[in-house]
Amino acid sequence: MLSLYDYDDANSTVPKDAFGKRKIYFIRYQRGDLFEKTAWHKLVSKDGEPEKKDPSTGKPKHWVYNHYVPHSRIIKALEDNILDQERADVVKLLTDIVTKLKIEQDEDVKGVDPLSGRLAYDAWAEWSISSIADWAGIMFYGPGTGDGAGTKLDKPTGPVNGAAQLARVKNSAEVLKMVLNGKLDLAEIVPNESGTESAGKPTKPVDKNILSLFHLTMASKLPDDDDDDEDYSYEDMSDDEDIN
């Protein structure tokens, strides 16, 4: 994503106290692969490697990293925590969440003072939000039940450690809900607008309140997925199709 900043955005003359008291009233978020994921891969891969063939078809399969809790639900929970809060309070909130989840800061934002101006704030906030939404605790590698375009929990089906893998992501989801002040929806199935389970991509327009702050540098990318039979929602569409 491209963002245009003027000199004052990068070299703010607004006092920190005044900048920090400004309230957030809109969040523009577009999902992307925004941080270096080497350590992240190691954490998720502790479950083990899935079989190289799809157990349902017997055909070779290029597995992807999946969210047990749909990405869109996590973004919505973050939005509910952030909107109408002062910038300084949002910094405290996001710092508290990434600390509790033991997420290490990416090199691109180490030493960044988010209250020093808009450019720094946007870069830091987007890293924080993206890191929380892609927290390794609720991710798994291999086959799953699918998220029904964001309407279902995507349960891992193995054959990687079977029940242990599912137990890990379920426990992590409860931790994530707690640090998000209880605002994360962990319902098995969430109906779409028509009151029925979604069978494919949603037909409703993109909610622009669930769309982000801009990132400044490109993180290293994972190999492209073959994208053959994965479920995606609008918010689940990532530049890196190895992550679902």
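Below, each value reflects all heavy atoms present in this structure, side chains not excepted, and no hydrogens, waters or symmetry copies. All values derive from a computational prediction rather than experimental measurement.
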Any chance you could measure Arg118, atom CZ, to Arg22, atom CZ, to the nearest 0.5 Å? 10.5 Å

Separation of Arg168 CZ from Ile138 CD1 (nearest 0.5 Å): 9.0 Å

Check: Leu184 and Val179 side chains under 4.5 Å, non-hydrogen atoms: no

Side-chain contact, heavy-atom cut-off 4.5 Å: Phe140 with Thr157? no

Just so I know, are the side chains of Asn181 and Asn81 near enough to count as touching, which here means a heavy-atom distance under 4.5 Å? yes

With sequence neighbours left out, what residues match Glu86 under salt bridge (Lys or Arg N to Asp or Glu O under 4.0 Å)? none

Using a 3.5 Å distance criterion without hydrogens, assess whether the side chain of Asn66 forms a donor-acceptor pair with backbone atoms of Val64. yes

Does the side chain of His67 reach to within under 4.5 Å of the side chain of Asp134, using non-hydrogen atoms? yes

Using a 4.5 Å cut-off on heavy atoms from C-beta on, say whether the side chain of Trp135 contacts that of Val175. yes

Sub-4.5 Å side-chain heavy-atom contact between Leu153 and Tyr68: yes

Are side-chain heavy atoms of Glu126 and Tyr121 found at a separation under 4.5 Å? no

Should Thr145 and Lys152 count as side-chain neighbours, where that means a heavy-atom distance under 4.5 Å? no

Please determine if Lys21 and Asp17 form a salt bridge, counting it only when a charged side-chain N lies under 4.0 Å from a carboxylate O. no

Please list, one pair per line, the donor and acceptor atoms closer than 3.5 Å that link side chains of residues 87-101 to other protein atoms, with sequence neighbours excluded.
unit_1 : atom_1 : unit_2 : atom_2 : d
Thr95  : OG1    : Val91  : O      : 2.7
Asp96  : OD2    : Lys100 : NZ     : 3.2
Thr99  : OG1    : Thr95  : O      : 2.7

Kindly write out the residues that satisfy salt bridge (Lys or Arg N to Asp or Glu O under 4.0 Å) with Lys102, not counting sequence neighbours, or none if the list is empty. none

So, are Asp106 and Lys110 salt-bridged, with charged N and O less than 4.0 Å apart? no

